[in-house]
Amino acid sequence: MDVNKQKQILGCMSDVLGQNGFRSQLIEAGENTPFMLRAESQRLGKVAKEATIEACFIPIALPDEQSGLLQFFITLFQNVPEQNAVQTQKACRYCNDFSALGQFGFFAPAGQIYLKHNTLVDGSLELEKVISFVADNISLLVATATRFIDAFAAVGFSGMTVDVAMEQELLPKV
């Protein structure tokens, strides 16, 4: 996908997010980084945590030159204590079974809980359709993060086990 089209899509998304209460900015490409959208969400869950959404087109060659691979990376928490890492990883795996879009993960060296999603964007479509598709992806990702953020806070920072989080209805039961 043409770089100008990528910038146009991310620019429109920045405007849409800004109109919906997010603090968003576009970050120019650097020597080792692509052009990127960065947005801080409204406070999510009862813990009222602000999550950071980053989106960029992954610089890879695709069979169709009009397509682009768009990656969303949402940071929910950082600095989860090391002693809670095992239960946090277990919570991520458990929540992935209920995730509408994306996959939760835990990067132990930074104590970071995140939600990641890649989607193929068809740049041959009208811009309105592309923006609607990308906005729908962001809406589903934010809804998924909101659904589980209180459970991640309890497991990651309070040391609660996944079983107790289910008993307290912070996590859905199978």
Side-chain angles (χ1 to χ4, degrees), residues 10 13-14 17-18 20-60 68-120 134-174:
L10 293 177
M13 287 317 308
S14 179
L17 289 168
N20 286 287
F22 290 76
R23 292 182 304 279
S24 66
Q25 65 181 20
L26 296 171
I27 301 170
E28 288 296 325
E31 189 174 313
N32 296 315
T33 57
F35 183 77
M36 169 183 284
L37 166 64
R38 180 181 169 91
E40 292 178 5
S41 70
Q42 309 98 321
R43 298 185 185 276
L44 302 178
K46 292 178 183 174
V47 293
K49 174 73 173 82
E50 289 184 357
T52 303
I53 302 169
E54 295 170 318
C56 68
F57 283 90
I58 305 298
I60 63 169
L69 185 62
L70 181 57
Q71 181 177 81
F72 298 97
F73 191 88
I74 302 176
T75 301
L76 302 176
F77 292 104
Q78 295 188 63
N79 302 316
V80 169
E82 188 176 325
Q83 68 266 22
N84 299 337
V86 171
Q87 283 298 312
T88 301
Q89 289 171 334
K90 186 176 178 181
C92 289
R93 287 190 304 273
Y94 183 80
C95 290
N96 284 336
D97 290 339
F98 300 95
S99 178
L101 199 64
Q103 293 286 298
F104 289 102
F106 179 65
F107 182 63
Q112 182 182 43
I113 302 170
Y114 61 86
L115 177 61
K116 181 179 170 183
H117 174 65
N118 294 329
T119 190
L120 193 61
V134 174
D136 288 348
N137 274 255
I138 290 175
S139 294
L140 281 171
L141 289 168
V142 170
T144 299
T146 301
R147 180 178 184 195
F148 297 111
I149 199 160
D150 293 327
F152 284 126
V155 171
F157 294 99
S158 300
M160 183 182 289
T161 66
V162 171
D163 292 334
V164 171
M166 285 189 290
E167 287 173 18
Q168 291 189 4
E169 297 182 357
L170 292 171
L171 291 172
K173 294 180 183 178
V174 179

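Quick caveat, the model's predicted, so the values are computed rather than measured. Computed from heavy atoms alone, side chains included, the values below leave out hydrogens, waters and symmetry copies.
No side-chain heavy atom of Leu140 sits under 4.5 Å from any side-chain heavy atom of Asp136. Counting only heavy atoms from C-beta outward, the side chains of Val134 and Phe72 approach each other to under 4.5 Å. Within the 4.5 Å cutoff, no side-chain heavy atoms of Lys49 are placed close to those of Phe152. Put simply, the side chain of Val80 reaches to within 4.5 Å of the side chain of Phe157, judged on heavy atoms. In this structure the side chain of Lys90 never reaches within 4.5 angstrom of the side chain of Val86, judged on heavy atoms.
Panel note: side chain Tyr94, backbone Pro172; a donor-acceptor pair is recorded below 3.5 Å. A donor-acceptor pair under 3.5 Å links the side-chain atoms of Arg147 to the main chain of Phe98, judged by distance alone. Proximity of a side-chain donor or acceptor of Ser14 to a complementary backbone N or O of Leu10 within less than 3.5 Å is not detected. Ser24 places no side-chain N or O within 3.5 Å of a backbone atom of Ala39 that could act as its donor or acceptor partner.
Shortest non-hydrogen contact noted between Asn118 and Gln71 is OD1-CG, 3.0 Å. The two residues Asn84 and Gly159 make their nearest non-hydrogen contact at OD1-CA, 3.5 Å. Closest of all the heavy-atom pairs between Leu37 and Met13 is CD2-CB, 3.8 Å. Here the shortest heavy-atom pairing between Leu101 and Leu141 reads O-CD2, 3.5 Å.
Taking a 6.0 Å sphere around CD of Glu169, one finds it holds 12 or fewer heavy atoms contributed by other residues, nucleotides or ligands.
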Pairs of donor and acceptor atoms involving the side chains of residues 50-59, under 3.5 Å and at least two apart or interchain, shall be tabulated with distances.
residue: Glu50; atom: OE1; partner: Arg23; partner atom: NH2; Å: 2.6
residue: Glu50; atom: OE2; partner: Arg23; partner atom: NH2; Å: 3.3
residue: Glu54; atom: OE2; partner: Arg38; partner atom: NH1; Å: 2.7

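Taking Phe107 as the reference, nothing meets the ring pair (Phe, Tyr, Trp, His ring centres under 6.0 Å) condition, with sequence neighbours excluded. Applying the side chain to side chain donor-acceptor pair (under 3.5 Å) test to Gln112 and every residue at least two apart in sequence or in another chain returns Thr75.
Checked against the 6.0 Å centroid criterion, the rings of Phe148 and Phe104 qualify as a close aromatic pair.
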